[in-house]
Amino acid sequence: MKILVLNGPNLNLLGTREPEIYGFETLADIEVEMNTIFSEVKLDCRQSNSEAELITWIGESRGQYDGIIINPAALTHTSLGLCDALKAVADVVPAVEIHLSNTHTREEIRHKSLTAPACIGQIMGFQGFGYTLALRALVNKLSA
Ligand code: DQA
């Protein structure tokens, strides 16, 4: 099983970026944790600050990956293009949306996700631990 793990703008700064909101773990720490759960699952973890690059990676995922875990970061609230890309591959590459923070407890502009309707589920509010929850949920769904 191959899973594409995508992280959007500014998530390369995790560890030092507003740690009271996002925690102290870096993306590298999170990747290590995810890799310890399922030895049979191969993870391809990527981060980009570019909406276009994320859309391209999602579009290329058909036939290459069994599922996607995505934290679209700020693009969650703005990107119809990311939503369309996820919908375009959803028949064979289901996605789970993950957020470190509970966006519903934050500014109103963060309450709406344009990308969530293109995903099979959403996990938020557990900081870095949420990524392993998302992986468990996705593998469970793919194995059913
Ligand atoms: C985030 C929440 C977004 O609102 C924000 O823009 C981020 C991170 C999260 O993981 O909590 O960059 O996606």
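All ligand and atom numbering here is 1-based and tracks the order in the structure. Just so it is clear, the values below take in all heavy atoms, side chains as well, and ignore hydrogens, waters and symmetry mates. Predicted model only: the values in this text are computed from it and were never measured.
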- For H111, is the nearest heavy atom under 4.0 Å from an atom of ligand 1?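 Per 4.0 Å heavy-atom rule, H111 does not contact ligand 1.
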
- Message: If the contact criterion is a heavy-atom separation under 4.0 Å, does N10 count as touching ligand 1?
- Response: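 Under 4.0 Å: no for N10.
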
- Message: Between P94 and L142, is there a side-chain heavy-atom distance shorter than 4.5 Å?
- Response: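 SC-SC contact between L142 and P94 confirmed.
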
- Message: Less than 4.5 Å apart, side chain to side chain, heavy atoms only: is that true for E31 and E33?
- Response: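 E31 vs E33: side chains apart.
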
- Task: Could you walk me through whether D29 and T26 pass side-chain contact (heavy atoms from CB on, under 4.5 Å), step by step?
- Result: CA-CA 5 Å; D29 296 333; T26 63; 3.1 Å; yes

- Query: Relative to each other, are the rings of H77 and H99 parallel, tilted or perpendicular (30° and 60° limits)?
  - Reply: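 Parallel: the ring planes of H77 and H99 meet at under 30°.
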
Using a 4.0 Å cut-off to any heavy atom of [X], which atoms of ligand 1 qualify?
X    : result
S101 : 2 (C), 9 (C), 11 (O)
T103 : 2 (C)
R110 : 3 (C), 4 (O), 5 (C), 6 (O)
R17  : 7 (C), 12 (O)

- Task: Do me a favour and list the nearest non-hydrogen protein atom to atom 3 (C) of ligand 1 with residue, atom name and distance?
- Result: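 The protein heavy atom lying closest is H77 NE2, 3.6 Å.
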
- Task: Starting from atom 9 (C) of ligand 1, find the nearest protein heavy-atom neighbour and note its residue, name and distance.
- Result: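 Among all protein heavy atoms, the one nearest atom 9 (C) of ligand 1 is L100 N, 3.4 Å.
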
- Which atoms form the tightest heavy-atom contact between A116 and Q122, and what is the distance?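 Closest approach of A116 to Q122, heavy atoms only: CB-NE2, 3.8 Å.
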
- Taking every non-hydrogen atom, the tightest pair across M34 and Y131: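 Taking M34 first and Y131 second, the nearest heavy atoms are CE-O, 3.6 Å.
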
- For H99, is at least one N or O under 3.5 Å away from an N or O on ligand 1?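 N/O-N/O distance under 3.5 Å: yes.
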
- Below 3.5 angstrom, do we get any N/O pair linking A74 and ligand 1?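 Yes, there is a polar N/O contact under 3.5 Å.
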
- Do Y22 and V5 belong together in a cluster built from hydrophobic side chains that touch within less than 4.5 Å?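 Yes; tracing contacts between hydrophobic side chains, which count when under 4.5 Å, links both residues.
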
